[in-house]
Amino acid sequence: MLVIVVENVPPRLRGRLAVWLIEIRAGVYVGDLSAKVREMIWSQVEDGLEDGNAVMVWSTNTESGFDFMTLGKNRRLPVELDGLKLVSIFPLEDPDLSPSLSGRGPG
Amino acid sequence: MLPPLKPIAMKERVSMVFIEKGQIDVKDGAFVVIDETGIRTHIPVGSIACIMLEPGTRVSHHAAALAARAGTLLVWVGEAGVRLYAAGQPGGARSDRLLYQAKLALDDDARLKVVRKMYEIRFGEKPPERRSVEQLRGIEGARVRKLYQLLAKQAGVEWKGRNYDYTEWDNSDTANRCLSSATACLYGICEAAVLAAGYAPAIGFIHTGKPLSFVYDIADLFKFDEIVPHAFKIAAKNYPNPEREVRLMCRDVFRQSKILRKIIPTIEEVLAAGELEVPKPAEENIAPVIPNPESIGDVGHRS
């Protein structure tokens, strides 16, 4: 299982993602592809992202049963707590989403 | 309107999460940790077996109540993961299970059978016949000391025996520190499982006289397979932060061995070896006026 969610990205990238994945809601793409294809798609997201942001989640054999990674600026950043990956939400009024603020830093 | 929150079964959860610092509170019904800069991290409280709170955390009343409703054990641990205190019991402690456990522990014959079963699981063979619990404990002690030595040698760490002195934590050797951290993780999930299954952590069969005697009994069934060899391997590598490595290792080992699926069935298996029946309520007992709602949690979870 592979899910990619994009926000504020150019239509070009959204069209490209729709080549391999099903867009079940605006900006939410779902599919079931191999690790190699996942990496290929993610590198295309990286290339076509511009000012937007994206998150990709896929099932794998971590304790949670999935893993995820992010690109672009967002209030939500991944954090790792001794092997368990969670998400930290930065305050709204903070214009600079510098990860160094958290002390732990995003994983 | 949302239906009331109910616990999910232990086997469906991830093992644990350590929270180092921050204010633990409830925001919009979710369990969150907020640090001094206002960054908040959501903890999926209901899909974790136990939450280990380290020094530097504060828990609000609301958050403790949410953890209890989600059936998740909050465990207060010391700096290096050494156990201090625990509360926020997820278990509803069913009286039929408690009476069953107490009956087994009070009946010398049944208790011996349970103890023999525990040793059988630990060492992979039946213990010698016609020994008392006391004699079995002596045999076990000797075997465990040898096992520690053997596993330490295999991992290539120096081993001068198990040192439990938590007051001199910094003075104890790396191998002992790694072992203590790993056992703290194991005790946390075992306590969560014992409570979720409806049993009392204090009523032990081999261990006795401690608030967590039964937790130690159950943890011992997994300790040497699951964590000791790995803890020694980490000790041998001289990491700058061995405790963190131990936690990562525990998470990996717990995932691979699917320990959360195994603990409750193992508890039932060792208790069943006592060959007593789960007591039926006396006829004159009255059932609750408001019947228990159906739950997808374990039997001991409050529903």
Side-chain angles (χ1 to χ4, degrees), chain A residues 1-7 25 27-28 30 32 34-35 38 53-107, chain B residues 11-22 27-28 30-45 47-54 56-57 77 80-81 181-182 184-185 188-189 241-261:
Chain A
M1 182 84 165
L2 169 69
V3 179
I4 295 179
V5 179
V6 292
E7 280 173 354
R25 282 288 187 275
V28 183
V30 186
D32 187 14
S34 70
R38 184 205 319 140
N53 67 78
V55 59
M56 174 169 72
V57 47
W58 64 95
S59 32
T60 183
N61 63 342
T62 60
E63 208 191 8
S64 324
F66 60 86
D67 200 357
F68 60 97
M69 57 202 287
T70 60
L71 272 175
K73 277 195 176 180
N74 196 289
R75 283 177 65 208
R76 287 159 211 268
L77 281 172
V79 283
E80 205 211 283
L81 295 179
D82 294 312
L84 185 68
K85 222 164 164 190
L86 298 175
V87 167
S88 278
I89 306 170
F90 285 68
L92 256 183
E93 60 277 10
D94 185 5
D96 174 23
L97 299 178
S98 161
S100 61
L101 275 178
S102 84
R104 291 194 287 271
Chain B
K11 62 178 185 214
E12 308 228 18
R13 301 178 181 225
V14 301
S15 54
M16 63 205 166
V17 60
F18 281 83
I19 299 175
E20 205 177 333
K21 48 181 178 264
K27 283 264 180 288
D28 298 331
F31 196 88
V32 292
V33 187
I34 305 166
D35 77 1
E36 67 276 16
T37 57
I39 298 164
R40 63 180 205 269
T41 307
H42 285 250
I43 309 287
V45 60
S47 60
I48 296 173
C50 62
I51 296 181
M52 311 289 234
L53 305 171
E54 293 183 276
T57 53
V77 296
S181 284
C185 296
I189 59 168
N241 186 354
E243 275 90 13
R244 184 185 140 77
E245 298 298 329
V246 166
R247 287 173 192 177
L248 293 174
M249 171 277 285
C250 283
R251 186 180 299 291
D252 261 9
V253 173
F254 293 163
R255 168 176 62 83
Q256 280 160 13
S257 66
K258 298 191 166 68
I259 190 171
L260 285 173
R261 285 167 201 267

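Throughout, protein chains are lettered first and strands after them, A, B, ... in sequence-line order, and every chain is numbered starting at 1.
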Atom CZ of A:Arg76 with >12 non-hydrogen neighbours under 6.0 angstrom: no
Candidates B:Ile39, B:Val33, B:Thr41 - the one meeting side chain to side chain contact (heavy atoms under 4.5 Å, CB included) with A:Val79: B:Thr41
A:Leu86 side, atom CG; B:Ile48 side, atom CD1 - distance, nearest 0.5 Å: 6.5 Å
Rounded distance [0.5 Å steps], CZ in B:Arg251 versus CG in A:Asp82: 7.0 Å
Heavy-atom proximity to chain A below 4.5 Å, by part of B:Ser47: neither
Backbone N/O of A:Gly83 and side chain of B:Arg247: donor-acceptor pair under 3.5 Å: no
Contact check, side chains of B:Val32 and A:Ile89, non-hydrogen atoms, under 4.5 Å: no
Atom pair NZ (B:Lys258) and CD (A:Glu63), whose distance is rounded to the nearest 0.5 Å: 11.5 Å
Rounded distance (nearest 0.5 Å) linking atom CG of A:Leu84 with atom CD1 of B:Ile43: 8.0 Å
